[in-house]
Amino acid sequence: MPAPSPSPTHTATAARATGAGGSARPSALGPVALVVSAGISVQFGAALAVMVMPRVGAAGVVTLRLAAAAVVLLLICRPGVRGYSRSDWTTVVWFGVTMAGMNGLFYQAIDRIPLGPAVTLEVLGPLALSVAVSRRLVNLLWAGLALAGVVLLSTHGGGFGGLDPLGAALALGAGGMWAAYIVFSARTGRRFPQADGLALAMAVAALLSLPLGVLEAGSDLLLPGTLALGVGVAVLSSVLPYTLELLALRRLPAPTFAILMSLEPAIAAAAGFLVLHQAMSGLDALAIALVIAASMGAVRSQTRRRRAPDA
């Protein structure tokens, strides 16, 4: 059981002390691989969810995703419920609330607007978080470069001008919940061992989403084919990415993690191209290059910061 660390900036030190490796480079690159893998999984899961929506609606997809993910995580983790403080339980409940809100708003958004623009708007939440909590000028510069890429990517599919206003507002709301998710995911990861806190929070999120899903889809949620697709969405969009992100946040400061989230529109564009057959333009490719450059710069600056005390 890893010991909790006092702040996000100290999680890398704790991870190095308890992990198998001792060098700075594997410790720095490990969390990055986790975050990128999580992004790939969640965006391809979102593309699959778009194909499920005609069967059960947006609320039905959210219910299937969260409920199936909660069952899988609870069976795998078998989290204990004793020995935790009231503050621990408050944290895990709020983590569940942010997951339910983030998923609910996002799926309502992609029911109204295309996947690429929806993710582009949503990622503004983590970018705003990185600017708000960062105390180093270099992180603000990397966030600005990532934001430029996100804005440029907004030209995908004709830009935001023709988007449904409610859909755009829902995507922005999902971005705000995403920023809160980052904060509470980090806190939960420090308070609960392994993925126990995630499993408990997922159960909270599933319970919150259940009434809306049942109201919209009813008995259609129980059709075998729909259930199978729901499990697929849950594994790709919740079980794998949330677990990987929680593990990454134990070793990666929240500002750097938030900037890495700027990769999501690029991954969403790739998922849209491969799964939903949405073409990418030259401006899309340039935007992807900008957000990748910003992410690499953020990780490199964070690596230098960790090495500084040992120099």
Side-chain angles (χ1 to χ4, degrees), residues 38 40-79 81 92-115 118-119 122 164 166-167 170-171 173-174 177-178 181 185 188 195-246 268 271-272 274-277:
I40 293 172
S41 182
V42 74
Q43 295 307 330
F44 277 85
L48 177 60
V50 171
M51 296 187 291
V52 182
M53 280 185 186
R55 300 187 179 202
V56 293
V61 171
V62 173
T63 296
L64 284 172
R65 169 181 170 174
L66 295 179
V71 170
V72 171
L73 285 171
L74 289 173
L75 288 176
I76 293 176
C77 299
R78 298 183 182 275
V81 295
V92 85
V93 167
W94 277 113
F95 187 22
V97 170
T98 61
M99 279 196 290
M102 178 177 65
N103 282 279
L105 291 171
F106 178 71
Y107 281 102
Q108 290 292 337
I110 62 174
D111 193 33
R112 294 170 170 83
I113 61 177
L115 178 61
V119 177
E122 187 191 26
D164 175 70
L166 178 57
L170 288 168
M177 296 302 293
W178 192 358
Y181 158 82
S185 180
T188 300
D196 286 11
L198 174 62
L200 294 169
M202 191 69 73
V204 173
L207 289 174
L208 290 173
S209 69
L210 185 60
L212 294 176
V214 171
L215 183 64
E216 179 167 356
S219 60
D220 288 345
L221 292 171
L222 302 178
L223 294 175
T226 302
L227 281 175
L229 289 172
V231 171
V233 173
V235 171
L236 288 174
S237 297
S238 295
V239 177
L240 284 177
Y242 290 170
T243 300
L244 294 174
E245 288 174 2
L246 185 144
L274 295 173
V275 180
L276 303 176
H277 308 293

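The closest side-chain heavy-atom distance from T243 to L73 is below 4.5 Å. Residues T226 and D220 fail the side-chain proximity criterion, which asks for heavy atoms closer than 4.5 Å. For the pair V119/F106, a side-chain contact is recorded, criterion being any heavy-atom separation below 4.5 Å from C-beta on. Within the 4.5 Å cutoff, side-chain heavy atoms of M53 are placed close to those of I110.
When all heavy atoms are compared, the tightest approach of V92 to A201 is O-CB, 3.5 Å. For the residue pair L170 and A109, the shortest heavy atom distance occurs at CB-CB, 3.9 Å. Here the closest non-hydrogen pair linking E216 and A58 is OE2-N, 3.4 Å. Contact detail for I113 and A171: the closest heavy-atom pair is CD1-CB, 4.3 Å. Across all their heavy atoms, A68 and G230 have their closest contact at CB-O, 4.3 Å.
Formation of a donor-acceptor pair under 3.5 Å by the S41 side chain with backbone atoms of L236 is found in this model.
Legend: residues meeting side chain to side chain contact (heavy atoms under 4.5 Å, CB included) with V52, ordered by chain and number and at least two apart, are V56, V61, L229, V233. For L207, there are no side chain to side chain contact (heavy atoms under 4.5 Å, CB included) partners, not counting sequence neighbours. Annotation: side chain to side chain contact (heavy atoms under 4.5 Å, CB included) contacts of V71 (sequence neighbours excluded): L75. Qualifying side chain to side chain contact (heavy atoms under 4.5 Å, CB included) partners for A69, counting only residues two or more places apart in sequence or in other chains: M202, A234, S238, V239.
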Enumerate donor-acceptor pairs with a distance under 3.5 Å from any side-chain N or O in residues 94-101 to protein atoms, sequence neighbours excluded.
from: T98; atom 1: OG1; to: W94; atom 2: O; distance (Å): 3.4
from: T98; atom 1: OG1; to: F95; atom 2: O; distance (Å): 2.7

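Between L221 atom CG and L210 atom CG the span is 8.5 Å, to the nearest 0.5 Å.
The list of side chain to side chain donor-acceptor pair (under 3.5 Å) pairs with a residue in residues 100-111, not counting sequence neighbours, reads R65-N103, R65-Y107, N103-Y242, Q108-R112.
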